[in-house]
4 protein chains.
Amino acid sequence: MLKKLKQQVCDANKALVEHGLVTLTWGNVSGIDRDKNLVAIKPSGVDYDELKPEHIVLVDLDCKVVEGDLRPSSDTPTHVLLYQHFKDIGGVTHTHSFHATMYAQARVEIPCLGTTHADHFAGPVPVTRPLTPDEVDRAYEHDTGTVIIDRFADLNPLEMPAVLVAGHAPFCWGKSAKESVKNAVALEAVAQMALGTFTIKPDAPRLEDYVLNKHYQRKHGPDAYYGQAKK
Amino acid sequence: MLKKLKQQVCDANKALVEHGLVTLTWGNVSGIDRDKNLVAIKPSGVDYDELKPEHIVLVDLDCKVVEGDLRPSSDTPTHVLLYQHFKDIGGVTHTHSFHATMYAQARVEIPCLGTTHADHFAGPVPVTRPLTPDEVDRAYEHDTGTVIIDRFADLNPLEMPAVLVAGHAPFCWGKSAKESVKNAVALEAVAQMALGTFTIKPDAPRLEDYVLNKHYQRKHGPDAYYGQAKK
Amino acid sequence: MLKKLKQQVCDANKALVEHGLVTLTWGNVSGIDRDKNLVAIKPSGVDYDELKPEHIVLVDLDCKVVEGDLRPSSDTPTHVLLYQHFKDIGGVTHTHSFHATMYAQARVEIPCLGTTHADHFAGPVPVTRPLTPDEVDRAYEHDTGTVIIDRFADLNPLEMPAVLVAGHAPFCWGKSAKESVKNAVALEAVAQMALGTFTIKPDAPRLEDYVLNKHYQRKHGPDAYYGQAKK
Amino acid sequence: MLKKLKQQVCDANKALVEHGLVTLTWGNVSGIDRDKNLVAIKPSGVDYDELKPEHIVLVDLDCKVVEGDLRPSSDTPTHVLLYQHFKDIGGVTHTHSFHATMYAQARVEIPCLGTTHADHFAGPVPVTRPLTPDEVDRAYEHDTGTVIIDRFADLNPLEMPAVLVAGHAPFCWGKSAKESVKNAVALEAVAQMALGTFTIKPDAPRLEDYVLNKHYQRKHGPDAYYGQAKK
């Protein structure tokens with residue numbers, strides 16, 4: 001079932017290694033088929049270089065395994081909640097990439113300091129609140145999704161395809177599994193650059209709003225002119 | 001047309017990856033044929049490992065595509081303006097290499113702290129002013145070139161083959177596409193070293209002018225004795 | 001003798017290189033056969049890429065060589081003392097991985113700032129006291145073990161599989177040689193992330209205890225649900 | 001002539017790349033034949049991956065080329081002066097490795113903060129004085145050697161096989177070309193670790209002298225027991 005989606009999700013998980021975003025097995029990518037409401041996700045604790053499309057687990061929106069011999073990622077309930085609330089996304093990537101995780105641990109949002117950031121994220125990358133003891137105890141992974149949804153009450157997830165979970169690490173998303181990985185790459189880069197920028201100049205200025213908007217729109221707006229026209 | 005130039009520009013773009021200067025597709029190199037006034041440049045948003053000489057786009061000095069099936073880099077108007085004003089350069093490289101971009105985001109020039117810097121840049125690497133809202137709105141990429149040209153009113157682009165565009169990233173140039181990449185490599189290195197030097201000693205001294213001049217001249221002056229004699 | 005153990009120890013030593021944990025020959029991994037009370041350990045000063053299972057040296061719990069043509073690692077007495085006191089461990093890894101060593105040199109424990117840390121270490125990673133002049137003079141490598149054992153008087157080595165030896169570098173351990181390497185990878189990562197987190201925010205908060213416990217238990221507790229069920 | 005030495009020097013130059021010590025062509029290694037008083041050194045500005053033993057240039061102790069079609073490294077007079085004054089060394093390595101260069105630019109000696117340092121350098125790695133305008137003007141590369149020799153008036157070059165030239169970069173040496181590269185690797189590592197250690201704790205303590213001596217002696221003293229016995 002869903003062979004093409006499984007292949008895409010498998011490739012996207014392997015891309016985490018190529019981009020230097022993962023250590024050991026600390027990361028997972030999923031993709032959704034919106035017609036069937038099935039999520040394809042990495043199995044838990046499996047090495048990326050051993051991963052094959054047939055290992056990818058299919059779960060429904062209740063996190064029940066529909067196909068696959070392996071346990072799905074322990075972060076599956078977070079992925080699923082994001083798909084339920086962010087209706088236009090098609091892929092989710094979770095990593096512990098080092099610099100984004102530093103900001104998540106510091107619980108400091110990443111302000112937009114330059115056009116690299118503006119090309120991918122239409123504003124500062126937000127941080128969630130910490131989970132409560134009750135949330136951690138009752139439904140930890142599900143409520144990791146809850147604190148993300150709470151934080152996005154006034155944010156558009158397509159314009160801000162990343163979040164830092166306080167004391168944990170980033171989650172990114174996009175229109176496909178592959179695009180969610182690209183956003184994870186961009187997030188790690190802007191986190192590293194932000195850290196360095198503030199080391200050089202602790203009161204570094206935010207990028208002017210009119211440049212931020214220009215850069216975001218030239219890549220993502222209705223008149224985008226970056227890249228090749230879609231066929 | 002211009003097969004050799006296209007090959008050089010293709011090779012130079014691929015060299016960005018080998019030198020670790022690019023993430024995703026954030027970088028582009030061009031070269032110019034000064035007889036024909038044609039610029040060969042990377043197509044927009046194409047992966048470096050898929051890039052072939054026949055993908056390289058030829059544009060004239062009005063940024064019109066003269067040959068090629070793909071859209072040229074969205075940064076083409078910046079490259080072209082540099083060729084128009086810096087008459088002796090033959091290649092331009094734009095990257096978002098991390099440490100140079102940190103300085104561009106901090107909007108802090110990179111002072112000459114050592115001979116690595118002096119071997120390539122005859123003084124502090126300058127930062128442009130930010131673009132005005134009007135410039136961003138009207139002709140963003142063209143005026144990214146304008147703020148560079150403005151900044152170089154009193155600078156010799158052959159002695160200072162790099163600039164940091166405020167809130168954006170570096171542009172470098174050289175006598176050829178290949179040399180512009182070398183300058184981008186050197187810029188990233190001196191940016192990283194400057195950041196570390198100031199972390200060790202916030203009031204680190206500038207390199208003595210007489211050493212700066214000696215190093216720059218032994219590589220680039222009329223009596224240069226670094227490297228092998230040109231045949 | 002103990003061919004399988006030698007192969008595992010050889011593989012684990014080579015994994016140090018793959019994970020970027022070693023420079024030159026600054027690291028060694030050992031494993032123990034608890035039935036025979038024999039420790040298999042890397043020979044001293046041998047390059048990892050030349051290492052073969054037959055080079056692995058077998059020593060008894062008095063550090064006497066039982067099998068092997070090469071000298072065992074000079075750190076052998078430290079490994080052996082750890083096996084004698086930490087009865088449930090099966091492997092030990094010693095490296096000078098850069099960020100963990102920075103903390104060892106600063107003699108600062110690594111507090112738990114996020115779930116990456118909590119997934120592997122049930123609290124702050126401890127630092128030993130310095131060795132006394134007498135300890136260094138008399139039995140340096142053995143007493144490197146002594147200061148570790150002293151520090152663990154009130155700690156459970158299975159819940160805290162790492163230590164920073166003051167002014168030296170980390171030692172890690174686990175149920176097998178392979179697991180001790182995984183803990184060394186995790187330690188280096190959390191050290192680098194801690195350094196960056198405090199650069200972003202000098203008073204970064206410790207991870208809430210209830211999250212630390214949840215993460216540690218979901219990977220290591222009796223009801224662990226991370227990874228695939230053991231067959 | 002001296003085929004074996006040329007091969008060793010060629011290999012040692014290529015090892016700079018494997019160890020990540022060089023960018024572009026910023027580094028060179030030489031070796032000396034003490035019987036013939038001939039120095040084998042890298043040609044200037046040649047890429048490491050194109051380097052072959054027959055490219056290695058032989059010069060005498062007056063820096064005159066005795067054999068070879070290419071110009072020797074522009075740093076040759078520095079290498080030669082070191083061989084003239086440090087009678088027991090057999091190889092010299094010069095790099096602009098990033099972290100050692102940061103300390104050279106900051107003009108701050110690298111104190112001994114841990115056993116990694118003590119294993120290679122018997123005390124803080126020293127910094128030279130800057131060259132005078134006259135020295136730079138008259139015999140720049142020769143006097144780069146002079147300021148090193150001056151700094152070592154009271155130091156034993158075999159116990160301290162590295163120096164930081166103020167505002168420039170490190171020079172390292174050893175009993176052979178290969179050993180000088182190993183010391184350059186160790187220097188870069190201890191520089192990076194020192195920078196990180198002071199970031200964690202600005203007043204990090206120096207390693208106790210009795211540990212420094214123990215570590216240095218166990219590797220280099222008359223009763224050294226690290227590594228395999230020489231056959």
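Chain naming here is simple, since letters A, B, ... match the order of the sequence lines and numbering starts at 1 in each.
Between R138(D) and D134(D), at least one side-chain N (NZ, or NE/NH1/NH2) sits under 4.0 Å from a carboxylate O, which counts as a salt bridge. Salt-bridge check for D150(D) with R129(D): passed, with a basic side-chain N closer than 4.0 Å to an acidic carboxylate O.
Top candidate by heavy-atom pairs under 4.5 Å with chain D, chosen from K201(B), K219(B), K214(B), is K214(B). Note on P130(D), G167(D), A166(D), A104(D): by heavy-atom pairs under 4.5 Å with chain B, the leading option is G167(D). Of the listed residues (V108(D), D137(D), L24(D)), the one with the most heavy-atom contacts under 4.5 Å to chain B is L24(D).
Residue V165(D) does not touch chain B at all, counting heavy-atom pairs closer than 4.5 Å. Heavy atoms of H215(B) lying under 4.5 Å from chain D belong exclusively to its side chain. At a 4.5 Å heavy-atom cutoff, the contact between L70(D) and chain B is made by backbone and side-chain atoms alike. No part of T144(D) comes within reach of chain B, as not one of its non-hydrogen atoms sits under 4.5 angstrom from that chain. Residue contact with chain B, scored on non-hydrogen atoms closer than 4.5 Å, involves the backbone and the side chain of P43(D) alike. Residue V136(D) touches chain B through both its backbone and its side chain, counting heavy-atom pairs closer than 4.5 Å. Within the 4.5 angstrom heavy-atom criterion, atoms from both the backbone and the side chain of A186(B) approach chain D. In this structure, chain D has no heavy atom under 4.5 Å from any part of A15(B). In this structure, the portions of T116(B) lying under 4.5 Å from any heavy atom of chain D include both its backbone and its side chain. Neither the backbone nor the side chain of F198(D) comes within less than 4.5 Å of any heavy atom of chain B.
With S180(B) as reference, V29(B) is the one residue of V29(B), L82(B), I89(B) to meet the side chain to side chain contact (heavy atoms under 4.5 Å, CB included) rule.
A donor atom on one side chain and an acceptor atom on the other are found under 3.5 Å apart for N28(B) and H79(B).
Side chain of T25(B) to backbone of D47(B): no donor-acceptor contact under 3.5 angstrom is found.
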Query - R218(B) and E141(D): CA distance, side-chain angles, deciding distance, side-chain contact (heavy atoms from CB on, under 4.5 Å) verdict - result: CA-CA 11 Å; R218(B) 77 172 193 162; E141(D) 289 83 6; 2.5 Å; yes
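Smallest separation of non-hydrogen atoms from E50(D) and H55(D): O-CE1, 3.2 Å. When all heavy atoms of T93(D) and A177(D) are compared, the pair lying nearest together is OG1-O, 4.2 Å.
A distance of 8.0 Å separates OG1 in T128(B) from CG in L164(B), rounded to the nearest 0.5 Å.
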